[in-house]
2 protein chains.
Amino acid sequence: MMSDFTPLFDYVERLSGKVLSADEKQVFIRHFKSKKLKKRQYFLQEGDVCKYTGFIVKGSARTFTVDEKGHEHILKLSVENWWLNDFESFYQLTPSRFNIQALEDMELLQITNALVDEFIKPIPAFAAMQNIINQNYTIAAQKRMQSAISQSGEERFQELVNEYPHFLQRFPQNMIASYLGLSPETLSRIRKNALK
Amino acid sequence: MMSDFTPLFDYVERLSGKVLSADEKQVFIRHFKSKKLKKRQYFLQEGDVCKYTGFIVKGSARTFTVDEKGHEHILKLSVENWWLNDFESFYQLTPSRFNIQALEDMELLQITNALVDEFIKPIPAFAAMQNIINQNYTIAAQKRMQSAISQSGEERFQELVNEYPHFLQRFPQNMIASYLGLSPETLSRIRKNALK
DNA sequence: GCTGGATCTTGACTTTAGTCATTAAATGCA
DNA sequence: TGCATTTAATGACTAAAGTCAAGATCCAGC
């Protein structure tokens with residue numbers, strides 16, 4: 001059965017502000033492949049090259065590293081209508097420093113770098129979307145960097161509560177803690193204090 | 001006297017991998033204006049819209065915020081052959097959350113967003129450069145985020161020593177500390193320990 | 001429903017980094 | 001050169017976050 005490309009088309013059109021022709025949609029359908037991941041399965045393992053970029057139709061994932069002490073640090077939490085990949089590895093075809101793992105059962109539409117370059121990038125709406133994404137990502141990264149440098153754990157948590165309240169429902173607390181750069185115990189205590 | 005555009009042309013050609021024609025160079029010369037800043041002068045103040053993006057021909061600057069306690073946090077240190085701006089404010093024409101201040105006497109080539117869109121973006125080498133920059137910046141932001149989340153102050157300092165050794169010569173230690181998200185005292189002690 | 005693993009909470013303690021105050025050194029510049 | 005300002009170092013203390021260990025709770029799958 002064919003996957004549902006509607007979310008992807010909507011996403012590209014919305015971000016780019018351009019409309020996709022029927023022909024262009026066919027190019028997407030021809031080159032993106034449906035991929036399913038069960039909870040806990042890996043989309044990418046540290047040391048491997050990130051061959052695919054995937055559009056998340058359903059489910060969620062975390063991008064994380066493991067340090068020398070064996071502690072995991074979550075760099076990114078990804079949900080529906082986001083792209084799943086390690087930019088650096090995907091664009092430069094270098095081994096990745098990250099692991100990407102499904103936190104829920106996932107459905108992706110994925111494609112290789114080579115096919116993107118050959119068939120997808122020439123589609124103006126896609127190229128425009130890509131620039132917008134890079135721009136947005138850069139801005140978001142700058143904001144997050146600012147909070148990492150200048151705010152306490154408690155302030156970073158409050159910001160997350162305000163900006164991504166649904167994350168709190170959707171992800172276990174230890175994942176949120178790791179995303180914020182805190183130990184699970186510390187986040188537990190922060191929440192306890194915040195309730196007063 | 002006309003400013004020296006050579007560094008800018010070299011930079012655009014190097015990043016884009018394309019050559020600029022004489023006509024295209026004239027477009028640059030026509031629309032970029034030379035701007036000088038003395039040490040400590042502001043290129044941008046919090047609350048203002050970042051009207052210009054500037055290519056740094058000479059000198060250096062810091063991008064920083066001031067928190068409620070009056071503490072400054074440096075988000076970015078910029079030197080020759082980098083662009084100086086607040087992405088978010090410049091692209092979206094929203095008031096900036098950042099201050100940008102010269103750390104040394106500076107010479108910039110600057111231009112407004114509107115003029116970039118009208119005259120400069122149509123130059124293929126420039127558009128290509130911009131995408132590469134966004135890509136590189138995204139990758140760099142991810143790396144820096146990773147160290148902020150998963151490394152101690154000492155490890156972050158060691159990384160800076162390895163990656164940007166010239167920063168240590170060029171910028172006072174309290175600026176470096178702020179860039180690393182540390183108090184000046186803490187960085188002083190880290191350095192003392194590291195010398196053993 | 002029962003069970004085992006995962007998640008969360010809490011307490012006691014340690015480590016890391018920040019704060020405040022003081023002194024020393026370096027630097028700018030008149 | 002000499003003085004004022006900035007920058008850096010250090011000590012004593014405080015605050016924030018991490019660590020380790022134990023127990024409680026939740027939940028998926030049989």
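Side-chain atoms are counted along with the backbone in the values below, which use heavy atoms only and exclude waters and symmetry mates. Only a predicted model underlies this, so the values are computations on that prediction, with no experimental measurement involved. Labels below follow one simple rule: chain letters A, B, ... track the order of the sequence lines, proteins then strands, and each chain is numbered from 1.
In the set D/dA9, D/dG18, D/dT7, D/dT7 carries the atom at the smallest distance from any side-chain atom of B/Asn174. The side chain of B/Gln173 lies closest to D/dA9 when the candidates are C/dC8, C/dG18, D/dA9. Considering only side-chain atoms of B/Ser183, the nucleotide from C/dG18, D/dA8, C/dA12 that sits closest is C/dG18. Checked against C/dG18, D/dA17, D/dT19, the side chain of A/Leu182 finds its nearest nucleotide in D/dA17.
Taking only side-chain nitrogens and oxygens, B/Ser152 never comes nearer than 4.0 Å to OP1 or OP2 of C/dT16. Proximity of B/Ser188 to the phosphate of D/dA8: no side-chain N or O atom is located under 4.0 Å from OP1 or OP2.
Residue-level contact check: B/Leu187 touches neither bases nor backbone, having no heavy atom under 4.0 Å from any strand.
Under the side chain to side chain contact (heavy atoms under 4.5 Å, CB included) rule, A/Val116 has a single partner from A/Tyr91, A/Phe126, A/Tyr52, which is A/Phe126. A side chain to side chain donor-acceptor pair (under 3.5 Å) with B/Glu104 is found for exactly one of B/Arg40, B/Lys39, B/Arg170, B/Lys58, namely B/Arg170.
Atom NZ of B/Lys192 and atom P of C/dT16 are 16 Å apart (whole Å). Atoms CG (B/Asn193) and C1' (D/dA9) sit 13 Å apart, rounded to a whole Å. Between the CG atom of B/Leu103 and the C1' atom of D/dT7 there is a distance of 14 Å, given to the nearest Å. With rounding to whole Å, B/Asp105 atom CG is found 9 Å from C/dC29 atom P. Taking atom CD1 on A/Ile74 and atom C1' on C/dT7, their separation rounds to 14 Å, with Å as the unit. Following rounding to the nearest Å, B/Glu72 (CD) and C/dT19 (C1') show an atom-to-atom distance of 17 Å. The distance from atom NE2 of B/His71 to atom P of D/dA16 is 13 Å, rounded to the nearest whole Å. Atom CD of A/Glu104 is separated from atom C1' of D/dA28 by 15 Å (rounded to the nearest Å).
Between B/Phe55 and B/Phe32, the ring centre distance reaches or exceeds 6.0 Å.
Residue B/Arg191 places no side-chain atom within donor-acceptor reach of the base of D/dT7, judged by atom type and a 3.5 Å distance cut-off alone. Contact annotation: side chain of B/Arg40 to base of D/dT6, donor-acceptor pair absent below 3.5 Å. In terms of polar N and O atoms assigned as donor or acceptor, the side chain of A/Glu185 never comes within less than 3.5 Å of the base of C/dC8 in a complementary pairing.
Using a 4.5 Å heavy-atom cutoff, the side chains of B/Phe64 and B/His73 are not in contact.
Mapping B/Met175 and B/Pro184 onto DNA chain D by nearest heavy atom places B/Met175 closer to the 5' end of the strand.
Other residues, nucleotides and ligands contribute at most 12 non-hydrogen atoms within 6.0 Å of the NZ atom of A/Lys51.
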